[in-house]
J.: 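Pasting a structure here, questions to come.
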Amino acid sequence: MSGIESQRTYALVGTGGCGKTSLAEMLLLQSGVINRLGKIEEGTTSLDYEPEETKRRGSIQPGFATFNWNGARHFLMDVPGDGNFIGDLDILLTAADFAVFTLDAVDGVRPLTKKHWQAIKTAGIPACCFINKMDRDRADFDMAYDGLASLGIRPVLLYAPIGSQSSFKGVVDVLGGKALIFQADGSVKEEAVPADMQDDITLMRDTMIENIAESDEELMEKYLEEGILSDEDILSGLRKGVFSGELVPVMAGSALENKGGAQLLGLIEKYLPSPLDRGCWLDAEANELNIDPKGAPVCFVFKTVVDPFSGLLSMVRVLSGSINSESSLKNSRTGEAERLGTPILLNGKNQAPTKDALGPGAIVALAKLKNTRTGDTLADKTGFVLPCPASPPQLISYALSPKEKGDEEKVFAAIQKLTEEDITLKLSRNEETGEILLSGMGQLHIETAVEKAKRRNKVDIVLNTPKVPYRETFKGKAQVQGRHKKQSGGRGQFGDCWVEFEPLPKGEGYQFEDAIVGGVIPRQYIPAVDKGIQEAAARGYLAGYPLVDFKAKLYDGTYHNVDSSEMAFKIAGSLAFKKAMETCKPTLLEPIVTLTVSIPDANMGDVIGDLSSRRGKVLGSDSASGITEVKAHVPMSEILRYAPDLRSMTGGQGVFTAEFSHYEEAPAPVTEKVVAEYQQHKKADEE
């Protein structure tokens with residue numbers, strides 16, 4: 001095979017710690033890009049090169065590699081697996097034609113595994129499965145393989161392991177009916193299938209052929225009539241089943257010991273699609289873009305990365321047509337033309353500019369594009385725009401402050417640069433508190449981003465737990481006078497209003513009623529009373545939080561022909577608000593979130609007990625295939641640091657999402673604590 005028909009573009013997908021980066025390392029060794037295996041523990045792998053990755057021994061951003069194997073070009077993407085760094089997983093998978101779903105033979109299917117597999121299904125791409133770490137203590141191939149069914153996967157085992165843990169020495173080619181024994185140099189020696197595995201392998205082969213036949217009606221008829229399928233039928237039937245997503249080829253191996261690399265590459269070559277096999281691309285209106293190497297070029301920007309020398313690099317997938325160093329394409333979002341410059345092929349941090357024309361399926365970096373960002377489509381002579389999958393909501397926020405006073409803008413600018421390459425980070429300012437807030441997918445995500453910003457921009461940043469966005473309201477009614485009178489020579493100030501305050505149902509917000517009759521307050525001053533009440537309510541009464549869900553009815557007052565003004569009536573409105581709060585029983589409202597936690601069944605008791613200790617109300621739970629999903633309403637203040645606590649309780653296997661639900665009246669102890677802290681800070685500011 002040659003050309004785009006033999007090209008492969010794929011992503012390594014799996015939970016953190018399952019060995020994807022080591023798997024990529026093995027494939028680079030097999031293809032001759034590197035001459036020795038790097039190790040995560042030593043920080044010597046090709047695709048984990050950021051200092052933060054070396055420190056944490058795990059990927060925090062996707063790694064890219066380009067290599068040739070058996071005459072075909074491969075574009076590989078190593079996708080982070082830790083829950084802190086998978087916020088852009090859906091967008092990254094847009095660039096892949098298929099996934100190499102990587103499973104740990106020691107831990108098998110974990111709660112987060114389900115999320116990774118769902119992302120593959122949502123992307124609509126086929127997959128093969130590599131069950132890794134067969135050399136490790138406690139490796140259990142059957143446990144990992146059986147767990148695939150819980151994900152809805154219909155597995156087809158092509159290479160079964162010979163031995164396990166320290167005795168793992170090879171695999172059986174189930175279709176070929178031969179054993180492949182791994183040698184020290186990474187090659188294999190063909191032998192007969194071990195006698196104690198013969199019956200199992202025969203059964204596996206029969207089961208495989210039945211599964212292949214069931215995925216295709218014509219093959220099923222032939223199989224029922226003849227009781228056998230030819231090698232050609234098996235190959236074409238398996239390819240068809242894999243392409244449709246019905247079947248998932250599976251094999252065992254050990255990336256760290258360089259066992260299984262050639263077999264995986266062979267499996268990919270035989271059974272997984274080329275860029276031309278994926279059909280067509282669809283835009284938001286279901287308009288089709290056919291994949292044509294000779295057509296008008298269309299590219300999708302699926303990631304932005306920062307290079308210390310080249311600056312921002314736009315990672316693009318060529319959807320159709322081809323690009324080269326002379327290409328100029330229009331950004332569909334801005335309408336501006338972008339000169340692409342020389343495309344760059346990546347192998348980790350190593351860059352190789354190329355003058356080759358790059359067609360469908362190519363993943364390349366483009367430097368110094370003027371106004372292009374993640375999610376943009378670059379096209380020529382076509383209005384096609386590829387929809388960009390939405391990012392999931394951020395789960396946690398931290399307040400940022402500079403170590404040195406006066407460096408606030410420097411901190412803001414440093415983090416803002418990061419949001420260009422990591423779209424799952426959100427930077428904002430809290431108008432209520434004035435804090436700079438950084439929101440992300442977890443505590444580790446935020447900490448890593450801040451470390452990176454410090455290193456790149458030489459700025460010291462302090463992370464603080466953000467203030468909870470409490471609200472205030474009141475329960476009683478009151479009719480009060482707000483009167484502002486000031487005389488100090490010359491023109492004075494005079495505003496006088498009578499206002500009735502009453503609570504509104506939850507979620508009704510603020511209402512103002514003008515009930516003035518007979519012109520006791522002139523029309524032009526009435527909006528000023530409303531504004532004075534609103535501004536006072538925004539500053540709160542109990543603890544400085546906005547006051548919500550109430551009605552203010554202006555029904556009487558007096559004015560002075562000379563001394564009255566909008567400012568005087570605005571002050572009168574705020575005075576009326578403060579006087580009413582003295583008798584209206586103000587209360588504190590706390591935000592409640594809907595927390596969804598996925599955990600191993602064994603951790604259910606601990607997690608539910610912990611939620612109760614956080615004043616949570618469990619709404620229900622659902623268990624399937626060893627994984628329990630618990631839903632609960634929990635006060636936001638109780639889960640600001642939930643991510644590390646859940647990781648500790650579940651050995652890193654628990655995952656959660658949190659969405660704002662509603663506000664509830666805070667218990668007295670919470671109110672007392674929040675009010676006391678507010679008074680303390682207020683006193684300190686005054687001093």
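What you are looking at is a predicted structure, and each value in this text was computed from that prediction instead of being measured. Residue numbers start at 1 and run along the sequence shown.
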J.: Applying side chain to side chain contact (heavy atoms under 4.5 Å, CB included), name anything that partners Thr628, two or more places apart in sequence or on another chain.
T.: Ile599, Asp601, Met604, Ser621, Ser623, Val630

J.: Tell me, with the steps shown, if Val301 and Leu366 meet side chain to side chain contact (heavy atoms under 4.5 Å, CB included).
T.: CA-CA 10 Å; Val301 182; Leu366 301 176; over 6 Å; no

J.: Mark yes or no for whether Glu25, through its side chain, and Ser46, through its backbone, hold a donor-acceptor pair below 3.5 Å.
T.: yes

J.: Going from OG1 on Thr102 to CD1 on Ile131, what distance comes out if it is rounded to the nearest 0.5 angstrom?
T.: 10.5 Å

J.: Nearest 0.5 Å please: distance from the CG atom of Asn603 over to the CG atom of Asp610.
T.: 11.5 Å

J.: Measure from the side-chain N and O atoms of Asn132 to the backbone N and O of Ala255, and report whether any donor-acceptor pair falls under 3.5 Å.
T.: yes

J.: Would you call Lys454 and Glu447 a salt bridge, using N to O less than 4.0 angstrom?
T.: no

J.: Identify the heavy atoms of Pro353 and Thr342 that sit nearest to each other, and give their distance.
T.: CB-CG2, 3.8 Å

J.: Would one find more than 12 heavy atoms of other residues, nucleotides or ligands at under 6.0 Å from atom NZ of Lys452?
T.: yes

J.: Other residues, nucleotides and ligands only: do more than 12 of their heavy atoms fall within 6.0 Å of CZ on Arg647?
T.: yes

J.: Is the side chain of Ser22 donor-acceptor paired with the backbone N or O of Gly19 at a distance under 3.5 Å, no angle test?
T.: no

J.: Yes or no on side chain to side chain contact (heavy atoms under 4.5 Å, CB included) for Leu264 and Met251, after CA distance, side-chain angles and deciding distance?
T.: CA-CA 8 Å; Leu264 177 58; Met251 68 164 292; 3.7 Å; yes

J.: If I compare all heavy atoms of Ile4 with all of Ser274, which pair ends up nearest, and what's the gap?
T.: O-CB, 3.5 Å

J.: Is a donor on one side and an acceptor on the other found under 3.5 Å between the side chain of Gln30 and the backbone of Gln263?
T.: no

J.: Would you please classify the geometry between the Phe302 ring and the Phe64 ring as parallel, tilted or perpendicular, with 30° and 60° separating the classes?
T.: perpendicular

J.: Taking it one step at a time, do Gln165 and Asp135 satisfy side chain to side chain donor-acceptor pair (under 3.5 Å)?
T.: CA-CA 4 Å; Gln165 301 175 38; Asp135 60 300; over 6 Å; no

J.: I'd like to check the side-chain hydrogen bond (donor to acceptor under 3.5 Å, both in side chains) partners of Asp185; sequence neighbours left out, ordered by chain and number.
T.: Ser187

J.: Is the side chain of Asp356 donor-acceptor paired with the backbone N or O of Leu358 at a distance under 3.5 Å, no angle test?
T.: no

J.: Apply ring pair (Phe, Tyr, Trp, His ring centres under 6.0 Å) to Phe130 and list each qualifying residue two or more places apart in sequence or on a separate chain.
T.: none

J.: With a 4.5 Å heavy-atom cut-off, do Ile363 and Thr66 have their side chains touching?
T.: no

J.: Measure the shortest side-chain to side-chain distance between Leu340 and Ser325 over non-hydrogen atoms and say whether it is less than 4.5 angstrom.
T.: no

J.: In sequence, state the C-alpha distance, the side-chain angles, and the governing distance for Cys129 and Leu148, and then conclude on side chain to side chain contact (heavy atoms under 4.5 Å, CB included).
T.: CA-CA 9 Å; Cys129 179; Leu148 294 173; 4.1 Å; yes

J.: Roughly how far, to the nearest 0.5 Å, is the NZ atom of Lys370 from the CD atom of Glu338?
T.: 5.5 Å

J.: How about CZ on Arg57, more than 12 heavy atoms from neighbouring residues, nucleotides or ligands closer than 6.0 Å, or not?
T.: no

J.: Determine whether Leu646 and Val597 make a side-chain contact, defined as any pair of heavy atoms from C-beta on separated by less than 4.5 Å.
T.: yes

J.: Could you tell me whether Phe101 and His116 have their ring centroids closer than 6.0 angstrom?
T.: no

J.: What pairs with Asp460 under side-chain hydrogen bond (donor to acceptor under 3.5 Å, both in side chains), at least two apart in sequence or on another chain?
T.: none

J.: May I ask you to test the Val250-Leu158 pair for a side-chain heavy-atom distance under 4.5 Å?
T.: no

J.: Working to the nearest 0.5 Å, report the span between CZ of Arg317 and CZ of Phe75.
T.: 9.5 Å

J.: Side-chain donor-acceptor pair under 3.5 Å between Thr374 and Thr304, yes or no?
T.: yes

J.: Under 4.0 Å between a side-chain nitrogen and a carboxylate oxygen: does that hold for Arg8 and Asp277?
T.: no

J.: Under the 3.5 angstrom rule, does the side chain of Ser167 hit a backbone N or O of Gly163 as a donor-acceptor pair?
T.: no

J.: Run the numbers on Asn464 and Ser401 for side chain to side chain donor-acceptor pair (under 3.5 Å), then give the verdict.
T.: CA-CA 8 Å; Asn464 305 297; Ser401 60; 3.1 Å; yes

J.: May I ask you to test the Val306-Leu418 pair for a side-chain heavy-atom distance under 4.5 Å?
T.: no

J.: Using the ring pair (Phe, Tyr, Trp, His ring centres under 6.0 Å) criterion, which residues pair with Tyr159? Sequence neighbours excluded.
T.: none

J.: So Ile181 and Val188, side chain to side chain contact (heavy atoms under 4.5 Å, CB included) or not? Walk me through it.
T.: CA-CA 5 Å; Ile181 307 302; Val188 295; over 6 Å; no

J.: Considering only residues two or more places apart or on different chains, which pairs with a residue in residues 411-420 satisfy side-chain hydrogen bond (donor to acceptor under 3.5 Å, both in side chains)?
T.: Lys417-Asn457

J.: Using a 3.5 Å distance criterion without hydrogens, assess whether the side chain of Lys259 forms a donor-acceptor pair with backbone atoms of Phe168.
T.: yes

J.: If you take all heavy atoms of Gly81 and Leu112, which pair is closest and at what distance?
T.: O-CD2, 3.3 Å

J.: Between Ala144 and Leu103, which heavy-atom pair has the shortest distance, and what is it?
T.: O-CD2, 3.5 Å

J.: In the structure I gave you, are the side-chain heavy atoms of Thr94 and Pro389 within less than 4.5 Å of one another anywhere?
T.: yes

J.: Report the distance from atom CG of Leu151 to atom OG1 of Thr113, rounding to the nearest 0.5 Å.
T.: 7.0 Å

J.: State the CD-CE distance between Glu421 and Met315, to the nearest 0.5 angstrom.
T.: 12.5 Å

J.: Verify side chain to side chain donor-acceptor pair (under 3.5 Å) between Thr372 and Ser314, making sure each step is shown before the conclusion.
T.: CA-CA 8 Å; Thr372 292; Ser314 299; 5.8 Å; no

J.: With the side chain counted from C-beta on, respond yes when Leu378 and Leu369 share a heavy-atom pair under 4.5 Å apart, and no when they do not.
T.: yes

J.: Quick check: does any side chain N or O of Arg278 sit under 3.5 Å from a backbone N or O of Ala96, one acting as donor and the other as acceptor?
T.: yes

J.: Asp104 and salt bridge (charged side-chain N to carboxylate O under 4.0 Å, His left out): which partner among Lys133, Lys20, Arg138?
T.: Lys133

J.: If we only count heavy atoms from C-beta on, is the Met77 to Leu12 side-chain gap below 4.5 Å?
T.: no

J.: Could you tell me whether the side chain of Asp88 and the main chain of Ile91 form a donor-acceptor pair under 3.5 Å?
T.: no

J.: Start with the C-alpha gap between Asp82 and His445, add the side-chain angles, then the distance that decides, and say whether side chain to side chain donor-acceptor pair (under 3.5 Å) holds.
T.: CA-CA 9 Å; Asp82 188 295; His445 186 208; over 6 Å; no

J.: Okay, side chain of Thr448, backbone of Leu444: is any donor-acceptor separation there less than 3.5 Å?
T.: yes

